[in-house]
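Just so you know, ligand 1 is whichever comes first in the structure, and atom 1 is the first atom listed for that ligand.
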Amino acid sequence: MTKGRVLSGMRPTGRLHLGHYRGVLTNWLKLQTEYECFFFVADWHALTTDYESPKGIRENVREMVLDWLSVGIDPAKTTIFRQSHVKEHAELYVLLGMITPLSWLERNPTYKEQLAEIRDKDLHNLGFLGYPVLQTADIIIYKANKVPVGVDQAPHIEISREITRRFNNFYGPVFPEPETLLTQVPKILGTDGRKMSKSYNNAIFLTDEPKAVEQKILQMVTDTARKRRTDPGNPDVCPFFITYHNLYSGPDDIAWAREGCTTASIGCTECKRSVIPKLLADLEPIQARRREYERAPEIVDAILKDGSRRAHEVANATMHEVRRAIGLE
Ligand code: TRP
Ligand code: SF4
């Protein structure tokens, strides 16, 4: 617990899948044993894009936190909270908004990309442009030293560092500059061979029943050039192999699958069946823990409440410093 403070957040997207687990959450699990961690639900950030239809937010927050707890994010070690419960984030966001040049936000690659790509929503709103400013407030209000994020979020942390420097230059050294901890995400492909994503409808969810997991795996695309059982295949272009053998098989099983595939001595079903029990065994303790939490549903609210109280103590102390530095207090 001496290595400093880590903070990260996720927008409440509801139930999480294997991609979240093997990418983000496995990393969080490791970090929570090494650092003082704050992990939070970025529910205000969800509204930057979903402001027209926020109905599902309550349920999505709950489902996502249940998944965090189920994989082993431990409220005794880690502060788990909800952004909108700690109002100080909003106050700091207003103040950072005063010093953030529009040009920094307009040139943000994530902003430009999403503005161009997302067609079903109007994103020409202040909240969406200011997304990285709110994210900066989330981070520096806890004086976090390290921020674990995927490569897609790295530009946001760069903006955060710039805003932090500017604040410290104007008002004095209140904040440490947060560093990016780039999460190495293994390539987790969905059943259609594309990147696993809820919106592609190709995901294996942590909550999927064993039967459903089995079915999804058996239906998953393989080397599309391997049309018949007698055709040899190429594991290096097989989405199933790339993701699931690499995740779950030891060197011997990988060698067996590679050999069997390239010589057509095994079929895809046999190849997949060699992995399914290991995948199910990985999910089993997660689902067991989830059942425990679901037996006492009020516990999620209690954990969020307690986490928000702890977060608020830190955020509140920082805001006194911030107001004093600017001359507001
Ligand atoms: N933007 C992040 C995402 O979409 C979520 C987030 C909000 C975040 N505030 C943060 C992540 C602060 C790290 C630190 O995943
Ligand atoms: Fe993929 Fe295995 Fe089929 Fe080869 S045998 S194409 S590695 S699923």
Side-chain angles (χ1 to χ4, degrees), residues 5-13 16 20 23-24 27-28 31 37-50 64 81-84 86 89 92-93 108 110-111 114 128 130-142 144-157 159-161 178-183 185 189 191 193 217-246 249 253-276 311:
R5 191 174 277 168
V6 156
L7 173 132
S8 200
M10 259 190 229
R11 278 168 294 173
T13 50
L16 301 181
H20 298 115
V24 183
N27 190 43
W28 284 14
L31 291 169
C37 288
F38 288 74
F39 296 136
F40 74 99
V41 182
D43 52 355
W44 279 335
H45 275 109
L47 291 173
T48 62
T49 51
D50 292 346
M64 188 170 81
F81 67 100
R82 194 170 165 172
Q83 184 183 38
S84 66
V86 187
H89 291 225
L92 184 54
Y93 172 60
N108 165 22
T110 319
Y111 175 72
Q114 301 211 0
F128 188 63
Y131 189 113
V133 185
L134 180 56
Q135 183 158 348
T136 304
D138 299 338
I139 297 166
I140 65 178
I141 207 164
Y142 301 101
N145 309 98
K146 305 236 156 93
V147 186
V149 289
V151 67
D152 59 315
Q153 287 288 316
H156 284 161
I157 312 302
I159 297 176
S160 293
R161 291 163 61 82
E179 281 170 42
T180 308
L181 255 187
L182 210 55
T183 308
V185 183
L189 301 174
T191 49
I217 290 291
L218 290 175
Q219 283 160 10
M220 179 165 182
V221 290
T222 59
D223 172 3
T224 45
R226 190 176 186 199
K227 295 223 160 47
R228 283 170 300 252
R229 167 69 180 76
T230 49
D231 296 338
N234 178 1
D236 296 323
V237 300
C238 169
F240 171 77
F241 185 92
I242 291 170
T243 296
Y244 296 94
H245 273 299
N246 284 333
S249 299
D253 291 325
I254 289 187
W256 167 83
R258 189 174 278 288
E259 163 76 16
C261 177
T262 50
T263 58
S265 63
I266 62 168
C268 290
T269 301
E270 191 182 354
C271 182
K272 288 173 169 178
R273 286 214 182 276
S274 75
V275 174
I276 289 171

Seminar exercise, completed: Taking every heavy atom of Pro148 against every heavy atom of Ser8, the minimum-distance pair comes out as O-OG, 2.9 Å

Exercise. Is a side-chain donor or acceptor of Asp223 paired with a backbone partner of Cys238 at a separation under 3.5 angstrom?
Worked result: no

Exercise. What orientation do His245 and Phe241 show, parallel under 30°, tilted 30 to 60°, or perpendicular over 60°?
Worked result: tilted

Problem set entry | Val147 neighbourhood, listing ligand 1 atoms whose heavy-atom distance to it stays under 4.0 Å | 13 (C), 14 (C)

Exercise. Which residue supplies the protein heavy atom nearest to atom 6 (C) of ligand 1, what is that atom called, and how far is it?
Worked result: Gly9 O, 3.9 Å

Problem set entry | For atom 2 (C) of ligand 1, the protein heavy atom that lies nearest, with its residue and separation | Gln153 OE1, 3.4 Å

Seminar exercise, completed: dist His89:NE2 -> Leu92:CG (nearest 0.5 Å) comes out at 9.0 Å

Exercise. At a non-hydrogen distance cut-off of under 4.0 Å, which region of Ile157 contacts ligand 1 (side chain, backbone, both, or neither)?
Worked result: neither

Exercise. Tell me: protein heavy atom nearest atom 5 (S) of ligand 2, and distance?
Worked result: Arg226 NH1, 3.0 Å

Seminar exercise, completed: For Leu7, the ligand 1 atoms with a heavy-atom partner under 4.0 Å come out as 12 (C), 14 (C)

Seminar exercise, completed: atom 1 (N) of ligand 1 sits nearest the protein heavy atom Tyr131 OH, 2.7 Å

Exercise. Looking at CH2 of Trp28 and CE of Met10, how far apart are the two atoms once the value is rounded to the nearest 0.5 Å?
Worked result: 4.0 Å

Exercise. Between atom CD1 of Ile217 and atom OG1 of Thr191, what is the distance when rounded to the nearest 0.5 Å?
Worked result: 8.5 Å

For this session: Report the part of Gln83 in contact with ligand 1, treating N, CA, C, O as backbone and CB onward as side chain, heavy atoms under 4.0 Å; options are side chain, backbone, both, neither.
Result: neither

Problem set entry | Proximal ligand 1 atoms for Ser8, defined as those under 4.0 Å from one of its heavy atoms | 13 (C)

Seminar exercise, completed: Rounded to the nearest 0.5 Å, the CG atom of Leu189 sits from the CD1 atom of Ile242 at a distance of 6.0 Å

Problem set entry | Heavy-atom check, side chain of Asp236 versus side chain of Arg258, under 4.5 Å | yes

For this session: List the closest protein heavy-atom neighbour of atom 7 (C) of ligand 1: residue, atom name, distance to the nearest 0.1 Å.
Result: His45 ND1, 3.3 Å

Problem set entry | Arg229 (side chain) donor-acceptor with Ala264 (main chain) under 3.5 angstrom | yes

Exercise. What do we get for Ile139 next to ligand 1 when only non-hydrogen atoms under 4.0 Å count, side chain, backbone, both or neither?
Worked result: side chain

Problem set entry | Sub-6.0 Å ring centroid separation between Phe40 and Tyr142 | no

Exercise. Counting only N and O atoms by type, is there a donor-acceptor contact under 3.5 Å from the side chain of Arg161 to the main-chain atoms of Pro178?
Worked result: yes

Exercise. Quick one: does His156 get an N or O within less than 3.5 Å of an N or O on ligand 1?
Worked result: no

Exercise. Numbering the atoms of ligand 1 from 1, which are under 4.0 Å from a heavy atom of Ala42?
Worked result: 7 (C)

Exercise. Quick one: does Lys272's side chain have a donor or acceptor within less than 3.5 Å of a partner on Phe240's backbone?
Worked result: no

Problem set entry | Any Met64 side-chain heavy atom under 4.5 Å of Leu16 side chain | yes

For this session: Below 2.8 Å of atom 2 (Fe) of ligand 2, tally up the protein N/O/S atoms for me.
Result: 1

Exercise. To the nearest 0.1 Å, how far is atom 10 (C) of ligand 1 from its closest protein heavy atom, and which atom is that?
Worked result: Gln135 CG, 3.5 Å

Problem set entry | Identity and separation of the nearest protein heavy atom to atom 9 (N) of ligand 1 | Asp138 OD2, 2.7 Å

